[in-house]
Amino acid sequence: MAAECARADVRDERHVWTDQRQARMREQAHRLVFLDETYVNTKMTRLRGRSRKGQRLRMKAPFGHWKTHTFLKVFS
């Protein structure tokens with residue numbers, strides 16, 4: 001068990017969470033919003049690809065401009 005679990009302030013906050021906040025969330029479930037966050041980094045671009053036999057693969061990939069794109073999906 002983590003040491004902070006035994007602290008009085010953490011224990012009190014845990015009781016508030018289970019006794020008050022969770023009960024309110026069950027009563028008003030239509031107000032809950034869930035976020036799913038993920039990302040993609042342009043450095044993860046594959047260096048090789050596949051194509052049909054006898055056809056050349058022609059694709060572009062970013063080079064030198066590494067960026068991270070974050071995606072958020074909201075469930076309500």
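Partner Phe75 forms a side-chain contact (heavy atoms from CB on, under 4.5 Å) with one of Asp36, Leu32, Val33 and no other, that one being Asp36.
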### Message
As a quick check of understanding, evaluate side-chain contact (heavy atoms from CB on, under 4.5 Å) for Leu57 and Met59, giving each step before the final call.
### Response
CA-CA 6 Å; Leu57 177 65; Met59 296 297 291; 3.8 Å; yes

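Smallest separation of non-hydrogen atoms from Cys5 and Val10: CA-CG1, 4.3 Å. The two residues Tyr39 and Phe71 have their closest heavy-atom pair at CA-CD1, 4.5 Å. Across all their heavy atoms, Glu37 and Thr70 have their closest contact at OE2-CG2, 3.4 Å.
Atom CG of Asp12 sits about 11.0 Å away from atom CZ of Arg7, to the nearest 0.5 Å. If you take CG on Asp9 and CZ on Arg14, they are separated by 10.0 Å, rounding to the nearest 0.5 Å. Atoms CZ and CD, on Arg50 and Gln55 in that order, are 15.0 Å from each other to the nearest 0.5 Å. Between atom OG1 of residue Thr38 and atom NZ of residue Lys73 there is a gap of 12.0 Å, rounded to the nearest 0.5 Å. Annotation: the span from Glu13 atom CD to Thr18 atom OG1 amounts to 11.0 Å, rounded to 0.5 Å. If you take CG on Leu35 and CG on Leu72, they are separated by 6.0 Å, rounding to the nearest 0.5 Å.
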